[in-house]
Amino acid sequence: MLREPVEISVDDHGRVELPLGLLAEAGIPPGAELVAFSNGDGRIVLSERRTRSRT
């Protein structure tokens, strides 16, 4: 399903706010811990942080 892009801005401290609807579409609930990285192609990727279990 195609979605309309959401325009966001970066504040003076480098922070951004993502709309809850955008996060919900991605299956990311409020309070989720995420990791972010750049692919080096102008995009930033967010993914859920996975907890490693120690055995």
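Note that the structure is predicted; figures quoted are calculated from it, not measured.
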- request: With rounding to the nearest 0.5 Å, note down the distance linking CG in Leu23 to CD in Glu17.
  value: 11.0 Å
message: For the backbone of Asp41 and the side chain of Asn39, can you confirm whether one donor and one acceptor N or O come within less than 3.5 Å of each other?
response: no
- request: Among Leu34, Val35, Ile28, find the residue that satisfies the side chain to side chain contact (heavy atoms under 4.5 Å, CB included) test when tested with Ser47.
  value: Val35
message: Contact between Pro30 and Leu20 at the side-chain level, heavy atoms closer than 4.5 Å - yes or no?
response: yes
query: More than 12 foreign heavy atoms under 6.0 Å from CG of Asp12: is that the case here?
result: no
- prompt: What is the minimum heavy-atom distance between Glu48 and Pro29, and which atoms define it?
  reply: OE1-CD, 4.5 Å
query: When rounded to the nearest 0.5 angstrom, what is the spacing between CD1 in Ile44 and CG in Leu46?
result: 7.5 Å
- request: Check whether more than 12 heavy atoms from other residues, nucleotides or ligands sit under 6.0 Å from atom CD1 of Ile8, and answer yes or no.
  value: yes
